[in-house]
Each structure stands twice: as C-alpha cells, then as structure tokens.
Amino acid sequence: MGFEKFGQVSFTSQTRAAEFVDYLEKGEVRATKCNECGRVFFPPRADCSWCMSSNVEWLEIKGQGKIDSFTKVNYAPTGFEKDVPYILTLADFDGIKVFGRMNKEISEDNVKVGMAVKVAPLTLSEGKITYEFLPA
Amino acid sequence: MPKDVAIIGVGQSHFVRGYPGSIRELAFDAYSEAMKDAGLGPDDVNASIICTAPEYDKQRSPSGLIAEYLGLNPQPTFAIETVCSASSTGLKVAYSMIKSGLHDIVVVLGFQKMSEITSADSQERMGRGADIMWESPFGTMMPAYYAMHARAHFNKYGSTPEDLALIRVKAAKYGTLNERAVYRKGVEFDQVMSSDIIASPLKMFDCCANADGSSCMVLASADKAKEISKKPVWVLGVGAASAAMTMTGRDALSGLSAAREAAKAAYEMAGVTPQDIDVAEVHDCFTIAELMAYENLGFAEPGKGNELIRNGETYIGGKIPVNVDGGLLSKGHPIGATGGSQIRTIVLQLRDEAGDIQVPGAEIGLVHNIGGVGIYGNVTILGR
Ligand SMILES: [Zn+2]
C-alpha cells in the first residue's frame, strides 16, 4: 500500500517500488539502481530483468535536465477535467529520462526543447503527492 | 516471394458514429461481406480470431459471443489484443496457423463499438493504454503522446504544422470518395490550421475520428486459395515488433522504432524494397503518425518525409500513394477493426476493384498498423 498517493488520479495501489512515495514526502525524487549491473531506472523499477535480480538501491535525481519534448494539453481525459491546461514534459537528466508535468505557473511560450529544468516533489490536495518540472 | 497463404475474402462495415446495433451485429456486417466475397459458409472455416480492445463495451471474452453469433462453433476461437493493431496481429497469427499446416481456412474478425462511452472516457481508456503506474496519473492521452512525437520531429528535422495540415487535406480528399468513411467532408488547408489545439502542436483536424466499425478477412492455404478463389491476394511479408510503452524508455521521439523494425522484417520476408511498393495504407491516427510512417517505412529518408507530402507524391499519381481510402483521419479508427480495414483497402487495390481510388496497375501493397503510441508495430506486405 502507499502508492495510491502518487498522482492526481492513481491506478495502482501496491508496488514493491512504493518507497518512491516516501522519498517524495521527504522532498526527493529518486530513481533505482541495480546493484549487480549498475543500470539506473526511471521510472524506478524494483527488479532488473538484465540480471534477474531484485537487489536495487534508491538514488536521488539531482541537478539539471534538458527538455526532450513537451505538449500543452487543452482537453482532459476523464478524471483530469479540473487540471487543464497542463504541460506534459519529457526531460533527460544525463541519460535518465523523466516524464511529468511542468509547474503550473510556467506558460507554454516559456518552454522550449533543450531548455534546462530541475525536478521536485509537489504536494497535491487530499494527501496526494507527485513531482513536477521547474525551469533550472 | 512466398505464396503460401492468401487472403480470399474481405469485408468491412460502414464506419459510423453511433452504430445502431450490438457488437455481435456489428461483427456480422463485416463477416457476411467477407464470407460472400470468399464464397464460403461457416462450415468451411477451421478457426476464428477475434480482434478488439477491451473496455469500450461491457462484453467480457467477446470471442465466445462473436463465434456463436457467426455460426463458428465448434471450431476453435480466441481473442487477440494489441490495441489499435489487433487485427494486423490477428492476420499474422492466422498466417502462422495456416503456414504450420494446422488449419486451411481462418477468419480474422476485428470490431470496436466506441460510442457506448463518452469521448472523454474513451481518452481515459486510451490514456491507460500507457504505463498506468508512472504516466497515466499525469493525465496522458493519445493526442498528447503523439503531440510530443510531433514536437520532437519538428525540432529535429524542421517539419512544420503546415506539413501536417497537407496530410489532413489529402486524407479528407479521399474520404469524400469512400462511402464507408465516418468523415466524408473535404477539409481546406486553412480549416486545419485554424482548428482548436487539442495538445500542442496537434490541432483538432490533426486527430482521427472515433468510430464504430468492423472488418473481416478470410485467409486460406495456397491449395485452398487456388481451388476457391479467382483473385487470391498473397501475404508476402508479415513483420511485427514492439517498443517501450513508456516515453522514458524510447530511444528517440522523432520516429517509431517498432515501425522501423516491423518494416525491416516484412521487406526481408517478402524480398522487396520500399521502391517496390505501389500503394500503402499507413496508421494515421494523427497526421504526425503518417509523416513518421513515410520515414520509418523507407518511402523517404529520415527528416525528408515532408517533401513527399509537399510535392504531392503520396496522392494517386504520385511516387507512392498513401491512404487513398481516407485513412484513419477521415475513414475513422474503430480500434480493433482498423488493421483489417486497411488490409481490405489494399486487397481491393491489388484485385483492381478499388473503383474511384484505384491506383492503376498496383501489384504490391503495404499496410502499416501501429498499436498504442508506437508500442506495437505491424507491417504487412501483400501481392497479387
Ligand atoms: Zn542489473
């Protein structure tokens, strides 16, 4: 349990990677790293299918990423009506790719491919939590 | 070129908004046409494959229901799902069943009744056709994902919203000629450019229409095909591949790797090259998807796809006519039925029965059918 707290609308309650939410609550966005081969996973995985191993550790995503692509969504799917518009963004942190939303205050005109961003936890209503991108 | 398995019958319902019947009746529309086309009855069929995506209607295990209604008991039946490419996957499985010698005649039936739920609910289901743990909680939907591919393509290659609008204008031109298309009006360039932005940079006219519809293909072994059919269309190549479901797991957004891999496999199997293709159906769920398809299928170099549409090369009379039935953009996109409808269009082309949209002398055709946002790539090459 615990993972149902992740995101505005959650579709999964149980995962062996639920510690991700605990780290968000502590103010950190973390990936996992396989202790056998050293591969880093985001979204975090509880298992490494290259090593057939579940020996992973948590690793904070720090510093600046670069925007790969983004889109401003004007029409929401069911459950997200109150959120629109929002900007979905894919960013690359030295080879670790992170998908999420841009901070609500940032207008689309100020978002560019290649732009530097950082990622930080964001507390939502009703005990929910997620993360978002901010200009770096 | 392998000539081991043929398509000997094709059928398709009208693609409509709000089909006034149940899924079994919708399935019957395509099935009855395909079986009459093949000149067969239910007892001639050895197995059926039902292709559909879940959660649009309430029926669980639809293959049982559909097989019963179509008179296909006691033959084996089962369902296949690769979302939007389910019926191309169905064709590949039917091919394998026949090529192995297990069966002689297999029916592949695709259907979707999308109008049972609202458009927002349908986007929610499609959004859950992505990683529900890590992406759907952000409010993802198909237009947003393809929009991110579009932005990346624009940024890397200098393609533009105008290029995408040209693709929509082409689709609409041929949609007016297809009496089974859901959207039959012409669309002007300015209309596309001034339409509402759904997920930037994609506008309303960059997106295909939801529709209710069904499609059906009857496949046969070489011996049976030669015995039964005057105009068998041969399955020369079947290529399929997969790619990461997550955006984070993709190598680059400027193309679809599953489409490239599937195309490579299909060309190799058929022993042909992109230059040999006379007519193609590509998965234009969004205009950007057609542009990427030009490049992923090798009709253009990466980044040069826009030259094909700017020069009109994908119209009838051009170098490689693409989606001359209106494509998903105008014909409509009833998920499980789409691949079978694309294949039907190419079969009619190769039989010289395509009427107003006939590409003169077409001998080899290609179908590119993608499931989800580039998750499942399917390329099928057909010849006469
Ligand atoms: Zn490992």
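Order of the sequence lines fixes the chain letters, A, B, ..., with proteins taken first and strands second; residue numbering starts at 1 for each chain.
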| said: Please classify the contact of A:V73 with chain B as side chain, backbone, both or neither, using a heavy-atom distance under 4.5 Å. | reply: both
| request: Calculate, to the nearest 0.5 Å, the distance between atoms CE and CG belonging to B:M148 and A:L88 respectively. | output: 6.5 Å
| remark: Heavy-atom closest pair (B:P137 atom, A:G7 atom, distance to 0.1 Å) is CB-CA, 4.0 Å
| Is A:E105 atom CD crowded by more than 12 heavy atoms from other residues, nucleotides or ligands, each under 6.0 Å away? | no
| task | For chain A, find which of B:A199, B:P143, B:A150, B:A152 contributes the most heavy-atom pairs closer than 4.5 angstrom. | result | B:A199
| With A:A136, which residues qualify under side chain to side chain contact (heavy atoms under 4.5 Å, CB included), at least two apart? | A:Q64, A:A116
Output the donor-acceptor atom pairs between chain A and chain B under 3.5 Å, with atom names and distances to 0.1 Å.
from, atom 1, to, atom 2, distance (Å)
A:S69, OG, B:M148, O, 2.6
A:F70, O, B:R151, NE, 3.0
A:F70, O, B:R151, NH2, 3.4
A:T71, OG1, B:S200, N, 3.2
A:T71, OG1, B:S200, O, 2.6
A:K72, N, B:S200, OG, 2.9
A:K72, O, B:S200, N, 3.0
A:N74, N, B:I198, O, 2.9
A:N74, ND2, B:I197, O, 2.9
A:Y75, OH, B:D196, OD2, 3.3
A:T78, N, B:A120, O, 3.4
A:T78, OG1, B:A120, O, 3.2
A:T78, OG1, B:D121, N, 3.2
A:T78, OG1, B:D121, OD1, 2.5
A:Y86, OH, B:G139, O, 2.6
A:R101, NE, B:F138, O, 3.0
A:R101, NH2, B:F138, O, 2.9
A:E108, OE2, B:R151, NH2, 3.4
A:E108, OE2, B:S200, OG, 2.5

| said: At a heavy-atom distance under 4.5 Å, which candidate from A:G79, A:G114, A:P44 has the highest pair count against chain B? | reply: A:P44
| Where A:A76 and B:A120 come nearest, the two heavy atoms and their spacing | O-CB, 4.3 Å
| field | Contact origin within A:V84 toward chain B - heavy atom pairs under 4.5 Å | value | neither
| Quick one: of A:G100, A:P43, A:A91, who has the most non-hydrogen atom pairs under 4.5 Å with chain B? | A:P43
| query | So what's closer than 4.5 Å to chain A heavy atoms on B:I198: side chain, backbone, both or neither? | reply | both
| query | A:F11 versus chain B, heavy atoms under 4.5 Å apart: side chain, backbone, both or neither? | reply | both
